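What follows is a single structure, written as structure tokens, with notes after it.
Here, residue 1 is the first one in the sequence, and each next residue gets the next number. In this text the structure is predicted, and so the values were computed from the model without any measurement.
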Amino acid sequence: MTLWTLMTASLMFTNAVAILNEERFLERYGWGSTQNAGMTSPTWKNSMKGQTIGTIGAVSYLRMPLIMFNTLVIIVKILFG
């Protein structure tokens with residue numbers, strides 16, 4: 001397993017997280033940011049669920065750099081196989 005393979009796998013995982021829709025998927029299971037907006041206690045924010053919801057929200061803001069990185073990976077794959 002090379003560094004390129006790990007980088008490509010992490011890119012695919014990030015793509016999968018970026019396409020999760022809050023209204024259609026996450027809110028149904030209680031993982032939406034609007035359902036948990038009233039919970040401001042430090043215990044909730046430091047919990048595993050709170051950290052995961054925050055990470056999903058952060059990844060959704062990185063869509064433009066993610067598109068550029070995907071384009072770069074596609075070009076490298078086309079040129080070098």
(Q) For the residue pair T5 / T8, report whether a side-chain donor-acceptor contact shorter than 3.5 Å exists. (A) no
Q. Can you list the other members of the hydrophobic cluster that holds L72, where links are side-chain heavy atoms under 4.5 angstrom apart?
A. W4, M7, L11, L66, F69, V73, I75, V76, L79, F80
**Q.** Straight-line distance of L62 CG to M68 CE, nearest 0.5 Å
**A.** 10.0 Å
